[in-house]
Amino acid sequence: MGAPPRPPRGRRRKEARTRRAPRPRRRTEGPVGPGGHMSGGPAEAAVRSALEDALRRMGVEEPDVHLERPRDPAHGDLATNVAMTLASTLRKPPQEIARELAAELSLETAGVERAEVAGPGFLNLHLRADRLSEDLRSLVAGDEGFGRSEVGKGRPVMVEFVSANPTGPLHLGHGRQAALGDAISSLLQWTGWKVHREFYYNDAGRQVELLARSVRARYLQHFGRDVSVPEDGYHGDFVTEIAQELADEKGDRFLDDESSQALSEMRAFAIQRIRQDQDRDLAAFGVRFDCYYLETSLFEDGTLEATIDGLREAGLVYEHEGALWLRTTEYGDQKDRVMVKSDGSPTYFLPDVAYHTTKWERGFHHAINVQGADHHGTVTRVQAGLQALGLPEGYPEYVLHQMVTVERDGREVKFSKRAGSYTTVRELLDEVGVDVTRYFFLMRKPEAHLVFDLDVALDQSEKNPVYKVQYAHARMCSIFRKAGVEGDEVDPAAADLSLLTTEAERELVKQLLEFPQVVETAARHRAPHLICEYLEHTAGQVNSWYHSGNPTRNPELAVLVEDEALRKARLVLVRAVRIVLRNGLGLLGLQAPIRMQRESS
RNA sequence: GCGCCCGUAGCUCAGCUGGAUAGAGCGUCGGCCUCCGGAGCCGAAGGUCAGAGGUUCGAAUCCUCUCGGGCGUACCA
């Protein structure tokens, strides 16, 4: 066979505006984009602007100050490496620049007690105690909104996730997607985006056809006929269950009816049952969608034809061996792709492209698809198809996650009964519960393989990270009960927060104040695991602080000390902890329990 | 073959824009614990950041190559 025909030259040249090698889409290049400063609390903002003023006085025109919280408390509350980054443009040694900056900095307006040059050119800043107190007050004032920001400016973004075919129960991969998609959606909401959650149903095409044939086979078997499920059909128990229900509801009316009408009725029945099943699991998992988009609707409303027409107009469509191809290689794909097979039916690729055009047309100029990495082959071609239609390069953005395996005693387990070859979300939910399942799906970055350790998941002690965080929250509530006060009524204005002087307390306050930045970073990187990590770390600090006040050993470090003023101040800190943990857990879709109840075994 | 992802402590994993002595949990070892909430607390040991080269004042992080693992590479979804 010769090479496929090529479109007319002039046309092609015009349309082929970009012809570059495929480039991996970094998750950091999404809607929020890199760059732009993270907020930080009022104290940090004051430090930043004071540093910028000082730098301007030193002749730096557009100072770009990066502030970080040093790991080592001895290195101050905040540190900047700006002297090192300016060394080449100012042509001076970093340490000298840092010394100048320290001298030029107005400590008063920065709210800084002292500034020290350290290491290769860091400027370490120790905040005045009152600045930390102010930030703590604003944290409590923020309450349920603490951690939210407006960087998204209310722009719409669609997050598509799960999008399971209606051909069986949801499996672990879908579970991870449900958790990820929902958490990423929440993160975007928390950072000021208008989020639309969508589920795309591939209810057309070959797979549902196979499902229908499989159900029919089981149905006929039910009536004693000697038929077998198609080789490439669905063999799980759920197919038999559906066939059983079909027989219960419709009797034997399909028994000798081999018409396509009968098959399509059976298909509709099966799809409806499976969707019900999936919906129930998603509801149990606590995930809601704003829209379920049906692939079949693209056939019905003419979107498919319109898409083909659009692609023809772009001059990138050609026929070859009876099939209709799209020249996706124009946009970096490894080979051209078939849109319509020689038998006249479309491949999944065409509706996929058509579907994504509707996202754009519905006003979602930012779209994120959460998918399993086993589908990564589709990314380039779908983006290519969309680019051919004039949509921007890199639309939509993809978050691809790796596979999930379940382990017990260090060995992989597959405890599926219903699905045949895979473990279902339902089975996992029944085994370990919603909160643990969600958290475990989120605690690793999406692109890393996830090992779901059942031994840890079933452990109800603080070795289980979920319980560790929830315990810390419950403990704070417990302290309020013990103190006989309503946590929400603990008033920072009525307390002298300068009494929070121990290192553990100061470090804890700083940790809590970091929450908004963590949310922003996690949202920008589509990385819910950063929230998990933050919560675990925070809970560790909280628990350690709490335990340091052991009544028999160090009663003076307990929250509920005799000293009324100190007690009030510490109760404010307890309230702040509770706010942050509750907000963080809520963001991930987890409960923040007032008290923990263990199941006795 | 080509493309994408991954490789950090015994295990599971963090590590933000390239920054100071690479962190956490589990496990191991050593202490403590009739505690505001229960399998808890404190501490210790444990590293050639897969390997090699490069860029840089500075690399786990950026670039190139090699090795190892996973996935993809259909007129399947």
Side-chain angles (χ1 to χ4, degrees), chain A residues 21-22 24 28 34-35 38 64 66 68 70-72 75 79 81 84-85 87-88 93-94 118-122 124 165 167 202 205-208 210 232 320-325 333-335 337-349 352 372-380 400-403 407 410 443-451 453 455-456 459-465 468 471 474-475 477-483 517-518 520-522 524-525 527 529-530 532-534 536-537 540 543-544 546-553 555 558-561 574 595-596 598:
Chain A
T28 49
M38 295 188 286
D64 182 23
H66 171 62
E68 62 184 25
R71 257 196 306 275
D72 185 346
H75 292 154
N81 64 349
M84 288 181 281
T85 57
S88 60
F122 287 100
N124 293 337
N165 293 343
T167 53
N202 290 108
R206 186 179 141 79
Q207 295 309 312
V208 288
L210 279 171
D232 45 1
H320 179 62
E321 290 182 350
L324 202 61
W325 293 70
D333 202 0
Q334 284 186 288
K335 54 170 294 207
R337 304 294 167 176
V338 171
M339 295 192 295
V340 182
K341 300 183 236 176
S342 50
D343 67 3
S345 63
T347 59
Y348 72 92
F349 165 59
D352 251 23
D374 54 336
H375 289 198
H376 79 249
T378 69
V379 172
T380 310
L400 300 176
H401 68 84
Q402 287 295 331
M403 299 296 103
E407 285 187 8
M443 66 199 267
R444 304 298 176 219
K445 58 181 159 191
E447 63 270 32
H449 174 84
L450 178 75
V451 176
D453 188 334
D455 298 313
V456 178
D459 190 330
Q460 296 194 14
S461 78
E462 291 181 37
K463 288 176 187 171
N464 183 331
K468 176 177 173 176
Y471 254 111
R475 256 184 201 124
C477 299
S478 163
I479 292 173
F480 288 133
R481 282 196 296 275
K482 178 95 178 174
Q517 291 181 34
V518 174
E520 269 189 45
T521 304
R524 198 171 55 247
H525 292 252
H529 73 281
L530 296 177
C532 295
E533 197 185 297
Y534 171 81
E536 269 179 71
H537 190 233
N543 290 336
S544 161
Y546 166 86
H547 286 296
S548 70
N550 182 315
T552 56
R553 253 183 302 182
V559 174
L560 303 181
V561 285
V574 170
R595 46 162 54 92
M596 299 294 285
R598 279 166 186 280

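In what follows, chains carry the letters A, B, and so on, assigned in the order in which the sequence lines appear, proteins first and then strands, with residues in each chain numbered from 1.
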How many Å lie between [atom1] on [X] and [atom2] on [N], as a whole number?
X: Arg524(A); N: rC16(B); atom1: CZ; atom2: C1'; answer: 8 Å
X: His401(A); N: rC4(B); atom1: NE2; atom2: P; answer: 20 Å
X: Asp453(A); N: rU12(B); atom1: CG; atom2: P; answer: 10 Å
X: Asp455(A); N: rA39(B); atom1: CG; atom2: P; answer: 19 Å
X: Arg444(A); N: rC6(B); atom1: CZ; atom2: P; answer: 16 Å

What integer number of Å spans the [atom1] atoms of [N] and [M]?
N: rU56(B); M: rC63(B); atom1: P; answer: 16 Å
N: rG40(B); M: rC4(B); atom1: P; answer: 45 Å
N: rG15(B); M: rC76(B); atom1: P; answer: 40 Å
N: rC49(B); M: rU21(B); atom1: C1'; answer: 15 Å
N: rG7(B); M: rG46(B); atom1: P; answer: 25 Å
N: rA24(B); M: rG38(B); atom1: P; answer: 23 Å
N: rG18(B); M: rC35(B); atom1: C1'; answer: 46 Å
N: rC16(B); M: rC33(B); atom1: C1'; answer: 39 Å

Between NE2 of His376(A) and NE2 of His401(A), what distance do you get to the nearest 0.5 Å?
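Atom-to-atom, His376(A):NE2 and His401(A):NE2 are 13.5 Å apart.
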Counting C-beta onward and ignoring hydrogens, is there a side-chain heavy-atom pair between [X] and [Y] closer than 4.5 Å?
X: Val208(A); Y: Thr167(A); result: yes
X: Lys445(A); Y: His529(A); result: yes
X: Met443(A); Y: Pro465(A); result: yes
X: Tyr546(A); Y: Val559(A); result: no
X: Glu447(A); Y: Leu400(A); result: no
X: Lys468(A); Y: Asn464(A); result: no
X: Ser342(A); Y: Glu321(A); result: no
X: Thr378(A); Y: Tyr348(A); result: yes

State which residues pass salt bridge (charged side-chain N to carboxylate O under 4.0 Å, His left out) with [X]; sequence neighbours excluded, sorted by chain then number.
X: Asp455(A); value: none
X: Arg337(A); value: Asp333(A)
X: Arg481(A); value: none

Just to confirm, is there a sub-4.0 Å distance from OP1 or OP2 of rC6(B) to any side-chain nitrogen or oxygen of Lys445(A)?
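Checking Lys445(A) against rC6(B): no side-chain N or O falls below 4.0 Å of OP1 or OP2.
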Could you check whether [X] gets within reach of a base, just the sugar-phosphate, or nothing at all, counting any heavy atom under 4.0 Å?
X: Ala483(A); value: nothing
X: Asn464(A); value: nothing
X: Leu530(A); value: sugar-phosphate
X: Ala474(A); value: nothing

Minimum-distance nucleotide to [X] side chain [options: [options]]:
X: Arg481(A); options: rA20(B), rU12(B), rG37(B); result: rG37(B)
X: His75(A); options: rA20(B), rG37(B), rU17(B); result: rA20(B)
X: Glu447(A); options: rU17(B), rC6(B), rA20(B); result: rC6(B)

Dump every N/O contact between nucleotides 56-58 of chain B and the protein below 3.5 Å, one line per pair.
none

For Phe349(A), ring pair (Phe, Tyr, Trp, His ring centres under 6.0 Å) partners two or more places apart:
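If we apply the ring pair (Phe, Tyr, Trp, His ring centres under 6.0 Å) test to Phe349(A), skipping adjacent residues, there are no hits.
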So which protein N/O to nucleotides 24-32 of chain B N/O distances come out below 3.5 Å?
from    : atom 1 : to        : atom 2 : distance (Å)
rG27(B) : OP1    : Lys463(A) : NZ     : 3.0

Here RNA chain B, pairs taken as Watson-Crick or G-U under 3.5 Å and shown with ( ), [ ] when crossing and | when to another strand, reads (((((((..((((.....[...)))).(((((.......))))).....(((((..]....))))))))))))....
Base contacts versus sugar-phosphate-only contacts with protein, heavy atoms under 4.0 Å: please encode nucleotides 69-77 of chain B as B, S and - from 5' to 3'.
--BS-SBSB
Produce the list of close N/O pairs, under 3.5 Å, pairing protein atoms with atoms of nucleotides 42-47 of chain B; give distances to one decimal.
from    : atom 1 : to        : atom 2 : distance (Å)
rC42(B) : OP1    : Ser544(A) : OG     : 3.3

Go through the structure and list residues passing side chain to side chain donor-acceptor pair (under 3.5 Å) with Gln402(A), not counting sequence neighbours.
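With sequence neighbours excluded, Gln402(A) shows a side chain to side chain donor-acceptor pair (under 3.5 Å) to no residue whatsoever.
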With sequence neighbours left out, write down each residue that passes side chain to side chain donor-acceptor pair (under 3.5 Å) with Asn543(A), or none if nothing qualifies.
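If we apply the side chain to side chain donor-acceptor pair (under 3.5 Å) test to Asn543(A), skipping adjacent residues, the hits are Glu462(A), Arg475(A).
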Can you name the residues that form a side-chain contact (heavy atoms from CB on, under 4.5 Å) with Lys463(A), not counting sequence neighbours?
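Asp459(A), Ser461(A).
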Can you see which heavy atom on Asn124(A) is nearest to which on Ala79(A), and at what distance?
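Nearest heavy atoms, Asn124(A) then Ala79(A): OD1-CB, 3.3 Å.
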Look only at the side chain of Ser544(A) and the backbone of Gly540(A), and say whether a donor-acceptor pair between them is shorter than 3.5 Å.
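Such a contact is absent between Ser544(A) side chain and Gly540(A) backbone.
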